[in-house]
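Computed over heavy atoms, backbone and side chain alike; hydrogens, waters and symmetry mates excluded.
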Amino acid sequence: MSNAPLDLIAANLRRERDRTGMSLSEVAKKAGVAKSTLSQLESGAGNPSVETLWALGVALGVPFSRLVEPAVPRVQVIRAGEGPVIHSEQAHYSATLLAACRPGTKHDIYWLALEPGGARESLPHVPGSVEHMIVATGRCLAGLADDPVELGPGDYIVYPGDLPHICKALEPGTTAMMVMEHTV
């Protein structure tokens, strides 16, 4: 394995072990691996087998994929002109994938018209809510209340709707498309 996957696995193992509050010894015993092996893996050394990672995932109560895939940030921003673009062969048309729907979710779609002034401060919505927003015109500040992001035309942001969040126009005539994703 090259260093990048080992570093990723190391960070994911540490993150998940910290999340559970278990010690190195506890996780190693539960997974049936040596404590020294787990310590090496958490430091980015070693060459873990699929079986070792699978056993560690079971011990930590997470799927195998959580140990080998990059962590998804809580807030994701895709600027205008970024993202995977698919072009049509039949027309002057292109589609940019911003987010694929998760299984079992529902969506509410809103068109937002915003004017400068106070921020729209939202309390957390139902657990598991996610908000997606694309700015059409103007500029705004949006996202988590403790770390909002300035956005302009064509910019996309996704953030947890079940945490406090805000939306504030920075220019007159700001508009945006909002999609609320929820599982209820």
Side-chain angles (χ1 to χ4, degrees), residues 1-79 82-86 96-109 121-134 142-149 151 155-166 178-184:
M1 280 188 173
S2 69
N3 253 4
L6 290 177
D7 292 342
L8 176 65
I9 290 168
N12 290 345
L13 282 169
R14 284 189 305 272
R15 179 194 68 229
E16 293 304 323
R17 190 170 61 79
D18 289 345
R19 179 191 57 78
T20 66
M22 290 194 289
S23 68
L24 274 170
S25 297
E26 291 171 313
V27 173
K29 182 177 179 181
K30 202 170 177 182
V33 301
K35 179 181 172 183
S36 60
T37 299
L38 179 55
S39 178
Q40 287 178 341
L41 292 175
E42 283 195 6
S43 67
N47 189 8
S49 67
V50 169
E51 294 78 12
T52 297
L53 290 175
W54 200 278
L56 288 168
V58 170
L60 293 165
V62 297
F64 174 84
S65 61
R66 183 134 348 132
L67 299 179
V68 297
E69 292 180 337
V72 176
R74 286 193 331 167
V75 175
Q76 178 185 6
V77 176
I78 298 176
R79 299 289 180 189
E82 294 179 351
V85 179
I86 301 163
T96 302
L97 176 65
L98 299 177
C101 292
R102 299 179 301 161
T105 61
K106 298 181 184 345
H107 296 87
D108 298 321
I109 301 172
E121 298 179 36
S122 296
L123 295 175
H125 303 310
V126 296
S129 295
V130 176
E131 291 193 3
H132 303 258
M133 188 170 84
I134 301 169
L144 297 178
D146 62 355
D147 193 22
V149 178
L151 304 165
D155 289 346
Y156 166 80
I157 185 170
V158 59
Y159 53 86
D162 56 2
L163 295 174
H165 52 281
I166 69 163
M178 168 73 70
V179 176
M180 282 187 82
E181 176 183 329
H182 49 88
T183 55
V184 246

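Distance check: D162 CG to L123 CG gives 12.5 Å after rounding to the nearest 0.5 Å. In this structure, NZ on K35 lies 10.5 Å from CD on E26, to the nearest 0.5 angstrom. To the nearest 0.5 Å, atoms OG (S36) and CG (L24) are separated by 10.0 Å. Taking CD1 from I9 and CD from E42, the interatomic distance works out to 12.0 Å, rounded to the nearest 0.5 Å. With rounding to the nearest 0.5 angstrom, the CG atom of L151 is 11.5 Å from the CD1 atom of I78. Taking CG of L38 as the reference point, atom OG1 of T52 lies at 10.5 Å (rounded to 0.5 Å).
Side-chain atoms of N12 come within 3.5 Å of backbone N or O of L67 as a donor-acceptor pair. Counting only distance, with no hydrogens or angles, the side chain of D7 and the backbone of G44 share no donor-acceptor pair below 3.5 Å. Using a distance-only test at 3.5 Å, with no hydrogens or angles considered, no donor-acceptor pair links the side chain of H132 to the main chain of V130.
H165 approaches P160 most closely through the heavy-atom pair ND1-O, 4.3 Å. Looking at every heavy atom in both residues, L60 comes nearest to R19 through O-NH2, 2.9 Å. Of all the heavy atoms in G143 and I157, the pair that sits closest is CA-CD1, 4.0 Å. Minimum interatomic distance between M22 and A59 (heavy atoms only, all atoms of both residues): CE-O, 3.3 Å.
The shortest distance between side-chain heavy atoms of D147 and V75 does not fall below 4.5 Å. P48 has its side chain within reach of L6: a pair of non-hydrogen atoms, C-beta onward, lies under 4.5 Å apart. Residues S122 and P164 form no side-chain contact, since every pair of their non-hydrogen atoms from C-beta on lies 4.5 Å or further apart.
The only member of V27, L56, V62 that meets side chain to side chain contact (heavy atoms under 4.5 Å, CB included) when paired with E16 is V62. If you run side chain to side chain contact (heavy atoms under 4.5 Å, CB included) between M180 and each of H125, K106, H107, M133, only H125 comes through.
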